[in-house]
Engineer: 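The following block contains the structure, expressed as structure tokens.
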Number of protein chains: 2
Amino acid sequence: MKKEGITMKDIAREANVSAATVSHVINNTKHISEVTRNKVLEVIKRHHYVPNSAAKNLRQQSSKTAGLVVSSFPDSFVTEMIFAIEERAKEMGYNLLLVNTNEDREYEEKTINLLHSKQVDGIILSPTSGDIQYLQNYTKDNFPIVMLNRYESTIKNIPRVTGDNFQLGYDATMHLLQHGHQKIGFIYSYPNVSTTDDRLKGYQEALRQYNIPYQEEFFVQGYAKVKGGSDAVQDLLTKDNQISAFFVQNDLMTIGAISKIKELKLKIPDDIALIGFGDFSSSHIIDPPITNILLPPETIGKTAFDMLLNKINNPNYMKHIELPPSMIVRKSCGC
Amino acid sequence: MKKEGITMKDIAREANVSAATVSHVINNTKHISEVTRNKVLEVIKRHHYVPNSAAKNLRQQSSKTAGLVVSSFPDSFVTEMIFAIEERAKEMGYNLLLVNTNEDREYEEKTINLLHSKQVDGIILSPTSGDIQYLQNYTKDNFPIVMLNRYESTIKNIPRVTGDNFQLGYDATMHLLQHGHQKIGFIYSYPNVSTTDDRLKGYQEALRQYNIPYQEEFFVQGYAKVKGGSDAVQDLLTKDNQISAFFVQNDLMTIGAISKIKELKLKIPDDIALIGFGDFSSSHIIDPPITNILLPPETIGKTAFDMLLNKINNPNYMKHIELPPSMIVRKSCGC
DNA sequence: TAAAATTAGTAAAACGATTAACTAAATGTG
DNA sequence: CACATTTAGTTAATCGTTTTACTAATTTTA
């Protein structure tokens with residue numbers, strides 16, 4: 001499709017000025033007399049002229065566009081982060097190119113390449129698991145990248161904002177331990193990512209303080225949807241029917257877990273206690289209301305964008321930000 | 001930030017060929033001998049060279065990027081549509097520039113301008129309420145736009161995919177009427193948009209068939225979040241405590257509505273029946289499980305992208321697609 | 001009033017690809 | 001062998017801006 005649009009030259013001709021003048025009027029890059037300026041603006045308005053930004057980008061080597069690469073999608077925590085980033089980008093006059101890699105490392109690398117070639121000014125990346133050393137190709141050229149929510153511990157030179165997932169795992173587990181639970185199932189969806197790893201470390205540390213040995217079979221993976229939560233509960237209870245509590249790592253799985261527990265005619269929190277991650281909106285009307293431990297998606301999102309902006313404006317910018325978790329105590333934990 | 005990247009010329013020089021040859025190798029636009037091709041590819045690989053797409057776009061007048069402009073965000077129906085569109089775009093080799101207008105008409109218009117100037121190949125738009133005649137500036141130049149989910153009835157020449165919201169309103173209302181309800185509250189969030197209007201017409205038509213006069217005060221607006229749902233319920237029950245059923249237009253509001261109903265110590269469905277829109281994942285574990293009427297977000301999303309592609313490839317493409325609603329009957333309706 | 005400084009605008013060279021039109025060498029054909 | 005065709009690659013124009021370096025006219029200054 002050829003879009004034979006109006007160009008700056010056309011505007012210039014019609015306003016009897018040079019293209020340079022039109023450009024200066026549009027960008028306020030030089031003082032142009034009131035009369036000329038108005039003449040130009042009038043022609044622009046009349047034709048609904050908007051400058052071609054491919055040309056502009058090409059010339060300026062910048063696009064006022066940022067890439068946002070997430071590794072998974074419809075879980076309310078991620079959605080809200082995306083929303084916050086979009087909002088912040090908008091405020092700052094940026095656009096956002098959104099890509100979901102679906103936890104595919106290969107695709108992630110291709111995406112970063114593509115976005116880079118699209119002249120985005122920087123990328124916010126929530127990495128998949130797996131080796132992301134390829135990122136060093138970009139960072140060594142100082143191409144601005146910041147890591148969102150997850151990080152890769154071997155890569156130190158990329159700014160990042162994450163939650164304090166160690167603390168999160170620790171707090172949630174501690175809370176359940178304090179209620180007297182000894183066998184606590186840990187249900188997660190993505191292996192080998194910092195969020196899971198750190199929460200597990202927190203979980204282990206809490207157990208250690210209670211002198212309870214860590215049992216690997218209580219650390220169970222499931223598909224990050226409702227079904228995954230149900231299956232994980234089933235799996236865990238089959239392994240050991242003494243398990244009396246679950247700590248579930250995302251909202252859909254939490255729903256699945258509850259649904260399975262109810263299906264098994266077990267009572268929450270009397271037979272099984274439960275803490276879920278993230279404050280999804282239905283938590284408080286579910287019976288019993290769910291106790292959640294959470295991180296602030298909006299803050300994480302906005303911070304990520306601000307970091308990216310800093311990195312764009314200052315190649316030496318470097319910071320690792322870790323936000324603390326908080327807990328909304330309702331009934332499912334046994335309180 | 002200047003990114004002094006490697007250009008095609010650099011690759012050409014190093015491979016001892018012309019830039020044209022490099023381009024041909026990359027794009028397979030001309031037969032190049034095996035030996036030259038490999039030489040070029042080797043140099044490209046060695047430098048991690050990726051063509052500058054600002055230049056490419058400028059030259060080709062196309063960007064393989066589509067704009068996606070939504071009017072609101074974190075409600076699972078919209079999220080899933082976005083997800084589906086992103087997925088389809090990816091399959092088709094497109095990228096997506098995502099903007100949320102937050103129901104702001106002015107901003108919507110600015111956004112369309114901006115995206116247009118960014119050389120997107122087309123735009124998928126879920127319009128705000130209000131006058132969108134400005135779109136005609138684009139359609140008359142055959143700039144590809146398709147309307148998603150909502151439409152504006154005065155604009156006929158833009159392809160669109162929506163749900164059959166008349167049927168949806170009709171079916172939901174009918175269902176409640178069949179359970180003997182006479183006074184049914186209709187809780188919505190966005191006025192003057194086709195989705196609301198059409199559902200209302202369906203609601204009215206159903207009432208008409210039962211010879212029940214339409215009462216405008218049962219048609220109540222609320223903020224599209226949990227709180228909005230609670231407030232609307234409160235508002236309606238204050239107006240008329242004979243109201244025995246609610247039809248709620250989005251997931252978060254449904255949750256708010258339930259929460260308020262429970263707070264008032266009313267039983268669902270005995271005292272108050274309820275049908276919500278959209279199949280959010282917690283519907284079935286809420287007590288009682290919620291009856292939902294819904295539209296298929298994935299189908300709508302994918303269809304929208306396919307339509308856009310059609311429109312991009314054929315300026316005369318024109319179609320209005322309307323997808324039928326379906327109902328998931330659980331307990332909250334009184335079944 | 002002559003020189004200097006300011007103002008208002010322009011010409012033309014980028015930016016980095018694609019692609020139509022061309023050339024030169026190699027191969028095929030009668 | 002002479003001519004046509006195919007193959008492999010190149011040259012240079014082009015896309016639509018921005019921006020540096022320039023000019024010409026006007027105003028200020030001494």
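Letters A, B, ... are given to chains in the order of the sequence lines, protein chains preceding strands, and every chain is numbered from 1.
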Engineer: Which nucleotide, D:dT19, D:dC15, C:dG9, lies nearest any side-chain atom of A:T21?
Structural biologist: C:dG9
Engineer: Between A:E106 and A:K110, does at least one N-O distance fall below 4.0 Å, as a salt bridge requires?
Structural biologist: no
Engineer: What I want to find out is whether A:R88 reaches A:E91 closely enough, with some N-O distance under 4.0 Å, to be called a salt bridge.
Structural biologist: yes
Engineer: Strictly below 4.0 Å, N to O, side chains only: are A:E298 and A:K302 in salt-bridge contact?
Structural biologist: no
Engineer: To the nearest 10 degrees, how far apart in direction are the end axes of the helix from C:dT1-D:dA30 to C:dG30-D:dC1, each fit to five base pairs?
Structural biologist: 40°
Engineer: Starting at CG of B:N27 and ending at C1' of C:dG16, how long is that distance when rounded to a whole Å?
Structural biologist: 13 Å
Engineer: Side-chain N or O of B:Q119 less than 4.0 angstrom from OP1 or OP2 on D:dG16?
Structural biologist: no
Engineer: What nucleotide, of C:dA17, D:dG9, D:dT20, holds the atom closest to the side chain of B:K30?
Structural biologist: D:dG9
Engineer: Examine the base of C:dT18 for any acceptor or donor lying under 3.5 Å from a partner atom in the side chain of B:R59, and report the outcome as yes or no.
Structural biologist: yes
Engineer: Salt bridge or not between B:E14 and B:R46? Use side-chain N to carboxylate O under 4.0 Å.
Structural biologist: yes
Engineer: So that I can tick it off, tell me whether A:R150 and A:E103 are bridged by a salt bridge, with the cut-off set at under 4.0 angstrom between side-chain N and carboxylate O.
Structural biologist: yes
Engineer: Does A:N314 reach the main-chain N or O of A:N310 with its side chain, forming a donor-acceptor pair under 3.5 Å?
Structural biologist: no
Engineer: For B:S18 and D:dT11, is the shortest distance between a side-chain N/O and OP1 or OP2 below 4.0 Å?
Structural biologist: no
Engineer: Let me know the distance between OH of A:Y49 and P of D:dG16, rounded to the nearest Å.
Structural biologist: 10 Å
